Each structure stands twice: as structure tokens, then as C-alpha cells.
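In what follows, a single structure is set out as C-alpha cells and then discussed.
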Protein chains: 2
Amino acid sequence: MARPQSALEIVRTRSLTSLVQQEIESMILSGRIKAGERLNEQVLAAKLGVSRGPVREATRGLERAGLVTAVVNYGVYVRKVSREEAFELYDLRALLTGFACQRLAETASGEQRRHLSNLVSRMDAAARSGNSTTYYALNLEFHDALMRFAGNGRAKQIDESLIKEMHLFRQRSLVAPANMLESNAEHQAIVAAIGAGDAEAARRAGETHVRGGRRRFSGAVPEIKSAGPPMSAGPSTAKRPSKGGNHEPATRQQPRRRS
Amino acid sequence: MARPQSALEIVRTRSLTSLVQQEIESMILSGRIKAGERLNEQVLAAKLGVSRGPVREATRGLERAGLVTAVVNYGVYVRKVSREEAFELYDLRALLTGFACQRLAETASGEQRRHLSNLVSRMDAAARSGNSTTYYALNLEFHDALMRFAGNGRAKQIDESLIKEMHLFRQRSLVAPANMLESNAEHQAIVAAIGAGDAEAARRAGETHVRGGRRRFSGAVPEIKSAGPPMSAGPSTAKRPSKGGNHEPATRQQPRRRS
DNA sequence: CAATTGAAAACTGTTGACAGTTTACAGTGG
DNA sequence: CCACTGTAAACTGTCAACAGTTTTCAATTG
């Protein structure tokens with residue numbers, strides 16, 4: 001039964017569907033497939049070298065994750081996250097982050113506190129030297145550690161899902177160099193409150209930080225009136241959504257029956 | 001093939017997969033399929049009169065929803081929610097409910113406040129007359145209205161998902177008649193705080209209420225039987241349990257035909 | 001008689017094909 | 001020249017079959 005342990009072994013343990021889903025998700029989050037664009041099952045299957053079955057299952061999984069929306073007999077679209085929906089996501093993430101911080105103030109171990117503090121220090125160095133990519137990576141790691149240490153697996157899972165959804169709104173955004181110091185000051189406040197064991201202050205600091213991210217971001221983008229097709233607002237616009245173009249399914253007309 | 005039925009025409013607009021998923025979900029939540037049990041694709045497909053494709057997609061959707069866990073080359077199991085996981089779910093729901101109450105205290109319209117107050121009154125009547133089924137239905141409606149009025153669609157969706165997951169733990173539970181009055185008193189506190197526009201009090205009342213539900217429930221169930229299945233860890237490392245269901249002592253899989 | 005081994009059965013993963021529906025486009029008539 | 005209609009193409013939904021893997025059980029062997 002000796003099986004060659006190699007890269008293929010990974011393929012063995014992970015189903016094709018999960019690999020396809022990961023790949024499509026990567027395409028979406030990296031922007032290679034833009035928001036509002038339609039996913040052609042056949043094209044994707046051919047591009048990935050599999051049949052349509054795994055592609056279908058993968059897209060359905062992404063639908064559950066909120067990254068795409070599926071319309072029967074019509075196709076799967078990369079979801080468009082409106083400004084209001086993005087604000088809702090920020091609110092939820094603020095809530096979850098505050099919860100995690102509160103919990104950490106009550107239960108964090110010394111090692112965990114040190115780890116968080118260490119991350120803040122390294123972010124400070126990255127911010128001062130203007131290294132935004134390093135700061136970005138450390139920032140992700142910091143938030144991941146917060147949720148991981150909080151000891152609520154479901155909360156962490158939901159948070160990650162929300163983060164992915166938010167990527168659909170802010171195509172790249174990230175953190176402007178000028179904002180890194182401000183952002184990290186809030187990180188420091190979180191770590192300080194956790195270190196002091198002040199649960200209420202930690203919760204507030206966590207909420208404030210994510211809300212601060214929302215404010216920093218919403219200030220940066222004045223309006224979403226960019227190159228995207230303005231189909232979302234006006235259902236009275238003459239052109240109906242076509243399979244070839246990038247349009248939002250939104251409200252689909254009643255299936256008219258012609259013989 | 002020109003189907004004349006109008007009822008089936010409605011089926012047209014909804015995909016078969018979604019119907020199958022709804023049906024399987026109903027089987028799970030109603031307890032017709034017990035926790036830890038394996039879902040046989042072929043049997044389900046035959047029972048529902050469809051092929052395995054839609055059944056597969058449906059089960060994958062349920063996996064995303066957290067109701068089942070899938071293992072490659074092995075099958076899909078109804079998830080077992082441990083005591084600790086159930087507590088995590090309660091914590092998250094408390095958080096979301098508190099958030100909704102806080103938001104409502106700030107933004108609820110007069111009509112919304114009246115609607116909530118009306119529900120509490122009717123629950124009070126049901127509680128005093130010992131009508132637990134009516135109370136249960138009104139309770140669901142109350143919590144649904146809370147999340148609906150809060151104006152955060154994603155929060156509502158997550159909350160509903162958490163509620164479904166919790167059903168996997170407490171098979172029936174519900175609210176004991178003796179607890180109805182206590183539970184509704186907390187409802188009244190929520191409505192009062194919202195009516196007064198006190199966001200902080202509303203948030204606390206909402207959190208307290210769900211935590212109260214957790215307390216009322218956790219007091220009722222002394223302990224969960226051990227025999228912990230190694231499913232909770234990553235599926236990549238652990239040795240697989242047998243398909244015959246060795247870790248499920250009570251319910252054994254149906255014996256296979258063999259000559 | 002117990003342990004082992006080999007093969008068949010059962011089940012999941014994946015694929016290809018068929019059916020129904022929607023869109024696109026060309027042809028026709030005003 | 002524009003609107004309308006009918007047909008063809010493309011795409012999704014669904015199904016049936018094939019392939020790989022795991023489990024079960026009987027036969028064999030010590």
C-alpha cells in the first residue's frame with residue numbers, strides 16, 4: 001500500500017472541487033475576474049482542465065461564501081458589493097473584532113500578549129520605513145492572531161468570510177502609507193487594553209479600529225461612479241442584461257414565454 | 001415536454017438543487033436524520049427522485065452552512081455540535097442580537113417599536129396560558145423582526161445560519177413553560193431600552209437575553225455523552241472512521257445485502 | 001480456531017452527453 | 001430605415017455511466 005508521498009498526495013486528500021474553488025476564489029480576489037463579470041462554466045472547466053461538475057460545485061460553494069450570485073438558467077456572477085453593503089460588512093467585522101479583543105483581555109496568555117505586542121512593534125517599524133507591503137502582511141497576521149486567540153472558531157471563520165467579501169468592494173485599496181501610523185496606533189491601544197485586562201476598553205478599541213479602517217477607506221474613495229455599468233440603479237434602462245456582457249443580475253424579468 | 005402544471009412552473013424558477021437542499025436541511029433540522037449519521041447520495045437521490053448531481057451540490061451547500069461535514073472518498077455526515085461549539089454559537093448570537101438591539105435603539109421607527117411591543121404582549125399572553133407552541137412561534141418572529149429591522153442583511157443571514165447550527169445541538173429543547181415568563185421579561189427589557197432610545201442598555205439587554213437562553217438551556221442538559229469522534233480536527237490527519245459507522249454506537253447503518 | 005489475504009460489493013469522484021432555456025442574429029415586412 | 005419575428009447557437013440544468021477507493025466478507029493458512 002506504499003503510496004508515493006508527493007504533491008499528488010495533496011491532490012488525493014483534497015477533492016478536485018476544493019482545488020477548483022480555491023483557484024476561482026483566487027481569480028476573483030486578485031481581480032483577474034472583475035466584479036459583475038459572469039463565470040462561464042465551460043470556459044473555466046477547459047481552462048482548469050476539469051469537467052463542468054467540479055466547476056459547478058465550486059461556484060455553488062462560492063455562492064454560499066457570498067463571492068458570487070447564481071441565477072437559474074442564467075449563470076454565475078461575481079458579486080458586486082455596494083457601498084452600503086460594504087459598510088454593513090465593516091460594522092460586522094468591528095463587532096467581531098471587538099468581541100475578540102474583549103475575550104482576549106479576559107483570557108489571553110502571556111505568550112499571546114507578547115506575540116501581539118511583537119507584531120505591533122514590527123508594524124511600527126514597517127510604517128516608519130514606509131514599507132506598506134510588509135505592513136499589510138503584518139496587519140493581516142495581527143487580525144488573524146486576534147481572532148485565533150479569542151477561541152471562537154466560528155467567529156474566526158465568519159470574520160475571514162467577511163474579509164473576503166470586502167475585497168470585492170475595495171479592489172485593492174489597502175492602507176495608504178500616511179494611514180499606517182494612525183492604524184498602528186489603534187493596534188497599540190488594543191494591545192494595551194488587553195495587557196491591562198480591561199475587557200470593556202479592549203472591546204471598544206477593537207471596534208474603533210475596524211471602524212477607523214472604514215472611515216479611512218470611505219474617505220479615500222469619494223464615489224463609486226467609476227467605469228462600472230450603472231445598471232444597478234435603473235431597471236428602466238432599455239438594455240436588458242445579456243449573457244455576453246458584464247451586468248448585474250439584480251432583478252430578473254419574468255421569464256417570458258415565446259413559442 | 002410541455003408541462004401543464006402551474007405548480008411545477010414555480011419549480012422552474014428554483015433550481016432542483018435548492019429544492020433538494022431545502023429538503024435535506026429539513027430532514028436534518030427535524031431530526032429525521034440524526035447527528036453523526038452519514039448521508040448516502042444514492043439513497044437520497046432515489047428517495048427524492050433526482051440524480052446524484054443535485055444531491056451532491058446540495059450537500060456541498062449544507063457543508064458551507066455548517067450543517068454537515070464532508071470527507072473525501074468517504075461521504076457527508078450530519079455535523080455533531082459539541083457543548084463547547086454550542087456555547088460559541090450562543091456567544092456569537094448574543095453578540096449579533098446585542099448589535100441589532102443597539103442599532104434599533106438608534107434608528108427604529110415608531111411602527112417597528114410598536115410591532116415589537118405587540119409581539120411581546122402576545123408572548124406574555126401565551127406564556128400566562130402555558131401555550132408553549134404559540135410562544136415558540138412568536139419568539140422566533142420576535143428575533144427575526146429584531147434582526148430584520150436592524151438593517152444589516154448580512155448580520156441577519158449569519159444569525160439564521162447560527163440558529164440552524166444550534167438546532168444540531170439541542171435536538172428539541174425549546175423553552176420550558178416555566179422559563180417562558182422569565183424569557184419574556186427579558187424581551188420586555190429589550191423593547192423598553194429600544195423605546196427609550198438607550199443604545200447601550202439595549203445592547204446589554206439583547207446580549208443578556210441570548211446568554212439567558214444559553215444559561216436556561218445549559219442548565220437543563222447535564223452533560224453530553226463522551227465518545228468524542230475525531231471529526232473536529234482537520235480531516236487530513238486523523239484516521240478515518242469506518243463507513244459502517246463504528247463511532248455511532250446506537251444507530252448502525254443498514255446491513256448490506258450479501259449472498 | 002484465529003489471523004491474514006484476496007476479491008467482490010458499495011460508494012464517492014469525475015466525466016461526457018442530453019434536454020431545456022435564453023440570447024443573438026439574420027431575414028422579412030412596415 | 002426601423003421594428004418585428006423566427007431560427008440557430010450558446011449556455012445552464014440534469015442525468016447516466018465510468019473510474020478509483022474503501023469496506024466487507026469469505027476462503028485460506030499457520
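From a predicted model like this one, the values you see are computed outputs, not experimental measurements. First the proteins, then the strands, lettered A, B, ... as listed; each starts at 1. Side chains are part of it too, since the values below use all heavy atoms of this structure and drop only hydrogens, waters and symmetry mates.
Atom CG of B:Leu44 and atom P of C:dA10 are 18 Å apart (whole Å). Rounded to an integer number of Å, the gap from A:Gln42 CD to C:dT15 P is 14 Å. At whole-Å resolution of the value, CZ in B:Arg52 and C1' in C:dT14 are 9 Å apart. Atom pair A:Arg38:CZ and C:dT22:P shows a separation of 14 Å (rounding to whole Å applied). Taking atom CD of B:Glu41 as the reference point, atom C1' of C:dC11 lies 8 Å away to the nearest angstrom. Between A:Arg56 atom CZ and C:dG13 atom P there is a gap of 17 Å when expressed in whole angstrom units. Atom-to-atom, CG of B:Leu16 to P of C:dA19 comes out at 17 Å; the value is rounded to the nearest Å.
Listed candidates were D:dT12, D:dC15, D:dT23. Nearest to the side chain of B:Pro54 is D:dC15. Side-chain atoms of B:Asn73 lie closest to D:dT22 of the nucleotides D:dT22, D:dT14, D:dC15. Picking from D:dG13, C:dT12, C:dT14 the nucleotide with the shortest atom distance to the side chain of A:Ser51 gives C:dT14. Taking the side chain of A:Val50 as heavy atoms from C-beta on, and the options D:dT23, C:dT15, C:dT22, the nearest nucleotide is C:dT15.
Ion pairing between B:Glu165 and A:Arg154 holds under the 4.0 Å rule for side-chain N and carboxylate O. Salt bridge status for B:Arg64 with A:Glu63: absent, with no side-chain N to carboxylate O gap under 4.0 Å. Classification of A:Arg32 and A:Glu23 as a salt-bridged pair holds, one side-chain N sitting under 4.0 Å from a carboxylate O.
Within the 4.0 Å cut-off from OP1 or OP2 of C:dT12, at least one side-chain nitrogen or oxygen of B:Asn40 is found. Between A:Arg60 and D:dG13, a side-chain N or O to OP1/OP2 separation shorter than 4.0 Å is present.
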Evaluate side-chain contact (heavy atoms from CB on, under 4.5 Å) for A:Phe169 paired with A:Lys80, printing each intermediate quantity in order. CA-CA 7 Å; A:Phe169 181 56; A:Lys80 271 185 180 173; over 6 Å; no
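Between A:Gln157 and A:Met147, the closest side-chain pair of non-hydrogen atoms is not below 4.5 Å.
Within the 4.0 angstrom heavy-atom criterion, base atoms lie near A:Gly53.
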